[in-house]
Visitor: 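Below is the structure I would like to discuss, written out as structure tokens.
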Number of protein chains: 2
Amino acid sequence: MDADLVFKALADRSRRELLDRLHARSGQTLSELCARLEITRQAVTKHLEILEQANLVVSVRRGREKLHYLNPVPIGDIAERWMSKYDRNRVAALAALKKGLENEH
Amino acid sequence: MDADLVFKALADRSRRELLDRLHARSGQTLSELCARLEITRQAVTKHLEILEQANLVVSVRRGREKLHYLNPVPIGDIAERWMSKYDRNRVAALAALKKGLENEH
DNA sequence: ATAATGTGCAACTAAATGGTTGCATGTCAA
DNA sequence: TTGACATGCAACCATTTAGTTGCACATTAT
């Protein structure tokens, strides 16, 4: 998996909104995902393409409509391999931070 | 905390590299952080500004040099409040995904 | 068959992004 | 005090990004 693609995909508010909607109900069509969103359908299409490239969303064509499914794996990967690394040394990092701020005066 | 600023800050490879360096050793100066990086000092300055706006880095001026400290809190917040939400329903999401892929044929 | 629905594709635009160069300013050491 | 070092600031540039409009195409329903 390419962590860069995932981070880039998560950087946009609209795309996180789409992920939230798919998290609430996976398997929605493009039109469904467009509802109550202030951007155009074409813009949503582009966002979904980016989410698919990051493997955060998988889509399936069924007749004339396209169903979109949330894939939670890349987010889990990032949480494990990247975030926990920072969390592990959280206390030490905060201590260093505090110490640095004390040196100010 | 503004989750959007944090996600945006994390979206760039150079900035994640800077965070990694500060994670390895917190309290580095600007020049130290520039070493062995192929971009200019001015570019690094901009990246650090963005990281500070996201509260991922805190800096302290000491004489003519500026020390940078990693603040792990925002990353922890995102991991907890945002990512764990996806992790909780991971099994269900994967089941839905699998079911959707089966409907393809 | 025809109309409505759902999606795909291309061209275009404005703004944001990541980077540069050049120069100014402040601080420390000899 | 003078030079070296560390950082700040501004203008500029190319590319990417997020969005748009307009039209084409395929599928379903009447």
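Reminder, nothing fancy here: chain letters follow the sequence lines and each chain counts from 1.
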Visitor: The side chain of A:L30 lies closest to which of these nucleotides: C:dG18, C:dG8, D:dT7?
Guide: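 In terms of side-chain proximity for A:L30, the closest of C:dG18, C:dG8, D:dT7 is C:dG8.
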
Visitor: Is a salt bridge present between A:R90 and B:E80, judged by a nitrogen-to-oxygen distance below 4.0 Å?
Guide: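 Yes, this pair counts.
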
Visitor: Hey, which of these two, B:E38 or A:K66, hits DNA chain C nearer its 5' end, going by closest nucleotide?
Guide: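 The 5'-side residue here is A:K66.
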
Visitor: When you get a sec, tell me which of C:dT21, D:dG22, C:dT7 is the closest nucleotide to the side chain of B:Q42?
Guide: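 Taking heavy atoms from C-beta onward, the closest nucleotide is C:dT21.
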
Visitor: If you go through the side-chain atoms of A:R61, does one of them form a donor-acceptor pair with the base of C:dT7 closer than 3.5 Å?
Guide: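 It does not, because no donor-acceptor pair links the side chain of A:R61 to the base of C:dT7 below 3.5 Å.
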
Visitor: Take the protein atom CG of A:L51 and the nucleotide atom C1' of D:dA18, then report the distance between them rounded to whole Å.
Guide: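 So the CG-C1' distance, A:L51 to D:dA18, works out to 13 Å.
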
Visitor: Does some side-chain heavy atom of B:L18 sit less than 4.5 Å from a side-chain heavy atom of B:L48?
Guide: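 They are in side-chain contact.
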
Visitor: Send over the distance from B:D4 CG to C:dT17 C1', rounded to a whole Å.
Guide: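 Atom-to-atom, B:D4 to C:dT17, this comes out as 14 Å.
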
Visitor: Over all strands shown, is B:R15 touching base, sugar-phosphate only, or nothing at heavy-atom distances under 4.0 angstrom?
Guide: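 Sugar-phosphate contact only.
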
Visitor: Does a nitrogen or oxygen in the side chain of A:H47 sit under 4.0 Å from OP1 or OP2 of D:dT17?
Guide: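 Negative; the distance criterion is not met.
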
Visitor: Rounded to whole Å, how long is the line connecting atom CG of B:L48 with atom P of C:dG19?
Guide: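 Rounding to the nearest Å, CG of B:L48 and P of C:dG19 are 12 Å apart.
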
Visitor: Is there, by distance only and without an angle test, a donor paired with an acceptor across the side chain of A:R64 and the base of C:dT7 below 3.5 Å?
Guide: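 Per atom types, no contact qualifies.
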
Visitor: Looking at D:dT17, I'd like to know if its phosphate oxygens (OP1 or OP2) sit under 4.0 Å from a side-chain N or O belonging to A:K8.
Guide: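 Answer is no, no contact under 4.0 Å.
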
Visitor: Could you tell me whether the side chain of B:E49 has a donor or acceptor atom within less than 3.5 Å of a complementary atom in the base of D:dG8?
Guide: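 Between D:dG8 and B:E49, which were checked side chain against base, a qualifying N/O pair under 3.5 Å is absent.
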
Visitor: Between B:T40 and C:dG19, is there a side-chain N or O to OP1/OP2 distance below 4.0 Å?
Guide: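 It does not, given that no N or O in the side chain of B:T40 lies less than 4.0 Å from OP1 or OP2 of C:dG19.
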
Visitor: Should the pair B:F7 and B:W82 be assigned to parallel (<30°), tilted (30 to 60°) or perpendicular (>60°) ring geometry?
Guide: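 B:F7 and B:W82: perpendicular rings.
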
Visitor: Do the side-chain N or O atoms of B:K46 get closer than 4.0 angstrom to the phosphate oxygens (OP1, OP2) of D:dC9?
Guide: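 For D:dC9, neither OP1 nor OP2 has a side-chain N or O of B:K46 closer than 4.0 Å.
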
Visitor: From C:dT20, D:dG8, D:dG19, pick the nucleotide closest to the side chain of B:I39?
Guide: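 Output: C:dT20.
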
Visitor: Does the D:dG8 base have a donor-acceptor partner in the side chain of B:R41 within less than 3.5 Å?
Guide: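 Looking at the base of D:dG8, it does pair with a donor or acceptor on the side chain of B:R41 (distance under 3.5 Å).
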
Visitor: Measure NE2/A:H68 against C1'/C:dG6 and give the value in whole Å, please.
Guide: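 So the NE2-C1' distance, A:H68 to C:dG6, works out to 11 Å.
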
Visitor: Compare side-chain N and O positions of A:T29 against OP1 and OP2 of C:dT5 and report whether any pair is under 4.0 Å apart.
Guide: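 It does not, given that no N or O in the side chain of A:T29 lies less than 4.0 Å from OP1 or OP2 of C:dT5.
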
Visitor: Between B:D12 (CG) and D:dT17 (P), how many Å, whole number?
Guide: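 To the nearest whole Å, that distance equals 11 Å.
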
Visitor: I need the CG-P distance between A:L67 and D:dT27, as an integer number of Å.
Guide: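 Distance check: A:L67 CG to D:dT27 P gives 15 Å.
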
Visitor: Identify which one of B:R25, B:K66, B:R41 satisfies the salt bridge (charged side-chain N to carboxylate O under 4.0 Å, His left out) criterion when paired with B:E32.
Guide: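 Answer after filtering B:R25, B:K66, B:R41: B:R25.
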
Visitor: Do the charged groups of A:R81 and A:D87 touch, with an N to O distance under 4.0 Å?
Guide: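 Result for this pair is no, no salt bridge flagged.
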
